[in-house]
Chemist: 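To start, I am sharing the structure in question, which I have written as structure tokens.
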Amino acid sequence: MSSGPLTIAPDMSVSLAGIRLRNPVLAASGTFGYGLEWESLLDLNSLGGFVTKGLSREPMPGNPPPRLVVMPSGMLNSIGLQNVGVDAFIREKLPKLARLKTVVIANVFGYEIEDYVEVVRRLDGADGLAAYELNLSCPNTSHGGMTFGIDPQLTAAVIAAVKKISQRPVIAKLSPNVADIIPIAKAAESAGADALSLVNTVLAKQSPDTPRSARIPSGGGGLSGPAIHEVALRMVSAAASTVRIPIIGLGGILCGADAAAFIRAGAVAVQVGTANFYDPLAVPRIARELQDYFRARNSAARVSKRTDGTQRPGR
Ligand SMILES: Cc1cc2nc3c(=O)[nH]c(=O)nc-3n(C[C@H](O)[C@H](O)[C@H](O)COP(=O)(O)O)c2cc1C
């Protein structure tokens, strides 16, 4: 079982699959660009780390607008995995990212196992990355469009193929769109995943009464933000009681207490996604709030130990 809050040192650093994070709060894929877009807003080196936009073999233009709609308790997106493609990323973004001291994780996706392998192979030849996060919420075109992450065998196959060639740790990012996360988490661990990220967005459909200007052309997309927080917590908790590899919890984190809930459920680190759209400084703020949360909790625990007589100060 993954360890809980005790893995956070007083200085907030944590170790994740052999990677040292300055603190356990990272920015989530697709909500923080390639990181460089945030450079004028905050000190990237002060972050626990960040995960890049998903990278594919070829550049992808993404879906037509509107593709991002604000909902009462989160966001619905159908971005269509728009990205510059792995080669342009290596040429244009990575040299700048490699100069940073913070942890940069590349998010990778594909439609065939060979796509994931090829993207990681190209990234592996370049400096500047700490790990790969495989987005398994993609349809596998060789299996009639079945999403990799909803099938234990497909999940294991893609992870094992990437692990075979990767010099860096491989994090499997699992889909919440399954009835039972346990067989998927076990399959990922057995295939050699070094860590799990849980969860991606929850599949959702728009109401037919949605105003035309906010209607996503495909009729729906992935729901994120506070609406999915408790769904994600349940899955992190289930996975943490099943696998020994570390877990990164995400889904609807808006504040330090939300992040703490994942850590108390067994996650070693967390990612912040949708909150970045509301508050560009969300990642460093949540890291500070998380530190305050555990400080307050530790001092409350000390006080209660004193008052119930089980432990005296100085003992
Ligand atoms: C606009 C947008 C784009 C996203 N793009 C990606 C992506 O490229 N790869 C990926 O693995 N997850 C992607 N995600 C999912 C997020 O990384 C995260 O798993 C999800 O939004 C839940 O976290 P949150 O509730 O904090 O946003 C995206 C989410 C949003 C909102």
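Just follow the structure's listing: the first ligand is 1, and inside any ligand the first atom is 1.
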Chemist: Which residue holds the protein heavy atom closest to atom 21 (O) of ligand 1, what is that atom called, and what is the gap in Å?
Modeler: S224 CB, 3.3 Å
Chemist: Please check whether G54 reaches ligand 1 - meaning an N/O of the residue sits under 3.5 Å from an N/O of the ligand, judged on distance alone.
Modeler: yes
Chemist: Under a plain distance cut-off of 3.5 Å, with no hydrogens placed, do S224 and T274 share a side-chain donor-acceptor pair?
Modeler: yes
Chemist: Determine, using ring centers only, whether Y132 and Y116 are less than 6.0 Å apart.
Modeler: no
Chemist: Taking 4.0 angstrom as the limit and counting only heavy atoms of G252, give me the atoms of ligand 1 inside it, by number and element.
Modeler: 24 (P), 25 (O), 26 (O)
Chemist: Taking the six-membered ring for Trp, are H229 and F262 closer than 6.0 Å centroid to centroid?
Modeler: yes
Chemist: Numbering the atoms of ligand 1 from 1, which are under 4.0 Å from a heavy atom of L81?
Modeler: 8 (O)
Chemist: What residue and heavy atom of the protein are closest to atom 15 (C) of ligand 1, and at what distance?
Modeler: N200 OD1, 3.3 Å
Chemist: Testing the 3.5 Å rule here: is there a donor-acceptor pair between the side chains of S78 and N63?
Modeler: yes
Chemist: Return a yes/no value for T201: is any of its N or O atoms, backbone included, closer than 3.5 angstrom to an N or O of ligand 1?
Modeler: no
Chemist: Answer whether the closest heavy-atom distance between the side chains of S13 and P24 falls below 4.5 Å.
Modeler: no
Chemist: Among protein heavy atoms, which sits nearest to atom 5 (N) of ligand 1, and what does the distance come to when rounded to 0.1 Å?
Modeler: G30 CA, 3.3 Å
Chemist: Under 3.5 Å between some N or O of ligand 1 and some N or O of V199?
Modeler: yes
Chemist: Heavy atoms only: which of G273, P226, S29 lies closest to atom 16 (C) of ligand 1?
Modeler: S29
Chemist: Of the protein's non-hydrogen atoms, which lies at the shortest distance from atom 18 (C) of ligand 1, and what is that distance?
Modeler: L250 CD1, 3.5 Å
Chemist: Nearest protein heavy-atom contact for atom 30 (C) of ligand 1: which residue, which atom, what distance?
Modeler: N77 ND2, 3.4 Å
Chemist: Would R22 and D11 pass as an ion pair if we require N to O under 4.0 Å?
Modeler: no
Chemist: Can you sort out which atoms of ligand 1 are near I79, meaning under 4.0 Å from one of its heavy atoms?
Modeler: 1 (C)
Chemist: May I ask you to identify the nearest protein heavy atom to atom 12 (N) of ligand 1, giving residue, atom name and distance to one decimal place in Å?
Modeler: K173 NZ, 3.0 Å
Chemist: Can you confirm whether the side chains of N83 and S56 place a donor and an acceptor under 3.5 Å from each other?
Modeler: yes
Chemist: Could E112 and R57 be called an ion pair, given the rule that one side-chain N must be under 4.0 Å from one carboxylate O?
Modeler: no
Chemist: Looking at M75, which atoms of ligand 1 are within less than 4.0 Å of one of its heavy atoms?
Modeler: 31 (C)
Chemist: Considering the heavy atoms of L68, write down every atom of ligand 1 situated less than 4.0 Å from one of them.
Modeler: 1 (C)
Chemist: What I want to find out is whether R121 reaches E118 closely enough, with some N-O distance under 4.0 Å, to be called a salt bridge.
Modeler: yes
Chemist: Considering only heavy atoms of N135, which atoms of ligand 1 have at least one such atom less than 4.0 Å away?
Modeler: 9 (N), 10 (C), 11 (O)
Chemist: Are L250 and V231 co-members of a hydrophobic cluster defined by side-chain heavy atoms under 4.5 Å apart?
Modeler: no
Chemist: Taking distance alone, with no angle check, do N107 and ligand 1 share an N/O pair under 3.5 Å?
Modeler: yes
Chemist: What is the distance from atom CG of L136 to atom CG of D151, rounded to the nearest 0.5 Å?
Modeler: 11.0 Å
Chemist: For ligand 1, which atoms sit closer than 4.0 Å to a heavy atom of T274?
Modeler: 24 (P), 25 (O), 26 (O), 27 (O)
